[in-house]
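Since this is a predicted model, take the numbers as computed values, not measurements. When a ligand or atom number is given, it counts from 1 through the structure's own listing order.
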Amino acid sequence: MSAQPEPHTAETFPPSADFAAQANATADLYQAAEGDREAFWAGQARDLLDWAQPFTETLDFSGAPVARWFGDGRLNAAYNAVDRHVAAGLGDRVAIHFEGEPGDSQALTYAELQERVSRAANALTELGVATGDRVAIYLPMIPEAVIAMLACARIGAPHSVIFGGFSAEALYSRIVDAEAKVVITADGGYRRGKPSALKPAVDDALAKGTPVEHVLVVERTGQEVSWTEGRDVRWNEALEAASPEHTPVDVEAEHPLFILYTSGTTGKPKGILHTTGGYLTQAAYTHRNVFDLKPESDVYFCTADIGWITGHTYVTYGPLLNGATQVIYEGTPDTPEKDRWWQIVAKYGVTILYTAPTAIRAAMKWGEEFPARNDLSSLRVLGSVGEPINPEAWRWYRRVIGAGTTPVVDTWWQTETGGIMITPLPGVTAAKPGSAQRPLPGVSAEILDDNGQPVPDGGSGYLVLTEPWPGMLRGIWGDMQRFTDTYWSRFPGRYFAGDGARKDNDGDIWVLGRVDDVMNVSGHRLSTAEIESALVSHPAVAEAAVVGATDEDTGQAVVAFVILHGDAGKGETEELMAELRGHVAKEISPIAKPRSIQAVPELPKTRSGKIMRRLLRDLAEGREAGDATTLADTTVMEKIMQGLKR
Ligand code: WTA
């Protein structure tokens, strides 16, 4: 791991007495969990969820590393997220304030949500989807995205949401891996002031041959779409034809709720599997305590897309399980102007905002005049997720967006953990800018050295989770061996997160970033191997190496080094490099596009043929290359440098 500057720990931000006095979570929560962790989680599961059949077992880890939580209980996720609030007389509460990018808006109450989810569940059943069948969802950030997820959950059909920015190629491999029977998509969505098509990518993916039988198409932009009779079905027509009544299917607590693909260290994305009872417990518990949610008065706004885990846990499940009112926004923060989010905060009186450091850094760059134009005084809790937040951005967030008074919670977690794991509690913790600080009550984390020993305060090493937690992944879809190898073999019996971390002298945790071949670009996880294989699939490229270089705006940026075939690129390198960047966008997604691609004569490799990315990262970050003595050919770095200087 590279040396990190000593984090600044002098200044802390304790909650105000007023905030602490009204907070859902007090210091007692840590004590409650310490005594009997399992009993603590069982209590949360009972308090926060309604069980069709109550559980009597809490945790069974005899099949480790696959855990069973609340194993003999039965429940339905959509019932818990929607119906029970209606049954409790809260049907008129707004569940979703939708703000479209062009300025259209729509409010959906819990009662309306119940009706739409029920109709959609009936429509899916009509299309032949049964409990256990997989459904792929490829939608923009519109209410139908949440409705589609809940409709799947309602019939016990695991959903696999694929981010709308992914290419046809990426969509195809995910559909095939999960063997999805139906795809739910839209004609398109609005992005940066214009309609952006989605349906053509689905058509292209399915043309390659998949198990998909039907495509449900939401009309959002009205743009023209090609239509395959018999396969394609209009969402609106299917919902209108369906009954508004539907009885949710109660499933076992360990029934799969969803698969979500994320990047790993190989080229093949991992289908992270989450089940029902444990995941929902973690979602509801963390959302209520970390954001101090008061469902009767708060207006919550999470800027994540449902294509990512944050959108699953903190747009769809957490807030709705807790009966919250939330805002969903379709577009980008700078459309039509750079104060769009702040306008939304003012318009809806948003009280809790959850976003990513990369967005905060962008807003800092745009300038304080944009937030200053809007009344942000409703805000009372701010959250950050997705990558380490630099202390400067943390301070700006609190000072400019939070009026210098709101708690800021820096939440560390992963697709695999299902929900937040390490974070300050807003009414308890004296926050330190840049540190995620402490495991939540009920969660156990450690930082280990190379030998698997916990590091002392002041030391750094590998972040691990030492006890099972309800929201933990239950495996990698179709590849349980990879599940064991990736997470449980580095430190047997403990979950290896893939992040490096440091403990300061108070024992607070500072997450430093990935220690494997996963990059974090604007909070998006990307694998070096996946981008390398996209590059070599282009006829001009013989070999490729990709590294994540530190970037002021995006945290890390993709930097690629390629060896070109024979005459490729002679005299027109710039054009070819642009073409290669476009090729990566087409194969994976525009978010994976390299910031730069450099043609090199050779790549630095060890004698066993492993690319020494560390040396390339030195180059990409403009440093003198480090120790190169383990290279098979120690002159390679010189050759590369000479080539780059030309
Ligand atoms: C990084 C996103 C530092 C980390 C919820 C992790 C963070 C990866 C933080 C997971 C944070 C997330 N501080 N790093 N507060 N939150 N990360 O699966 O490297 O998209 O392993 O889940 O993001 O990314 P994922």
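Under a 4.0 Å criterion applied to the non-hydrogen atoms of Val385, ligand 1 contributes the atoms 5 (C). Residue contact check: Asn520 has heavy atoms under 4.0 Å from atoms 1 (C), 23 (O) of ligand 1. Per-residue contacts place Val511 under 4.0 angstrom from the following atoms of ligand 1 (heavy atoms of the residue considered): 3 (C), 14 (N).
Of the N or O atoms in Gln414, one or more lie within a sub-3.5 Å distance of an N or O in ligand 1. Backbone and side-chain nitrogen or oxygen atoms of Thr262 are examined, and none is located within less than 3.5 angstrom of a nitrogen or oxygen of ligand 1.
Ring pair Phe258/His312 is tilted by interplanar angle, where 30° to 60° counts as tilted. Ring pair His524/Phe163 is tilted by interplanar angle, where 30° to 60° counts as tilted.
Counting protein heavy atoms only, atom 3 (C) of ligand 1 is closest to Pro388 N, 3.1 Å. Shortest contact from atom 5 (C) of ligand 1 to any protein heavy atom: Trp413 CE2, 3.4 Å. In this structure, the protein non-hydrogen atom closest to atom 21 (O) of ligand 1 is Asp499 OD2, 2.6 Å.
Using a 4.0 Å cutoff on heavy atoms, Gly386 counts as a contact of ligand 1.
Under 4.0 Å is where a charged nitrogen must lie from a carboxylate oxygen, and between Arg595 and Asp551 at least one such pair does. Between Arg490 and Asp450 there is a salt bridge, with a side-chain nitrogen of the basic residue lying less than 4.0 Å from a carboxylate oxygen of the acidic one.
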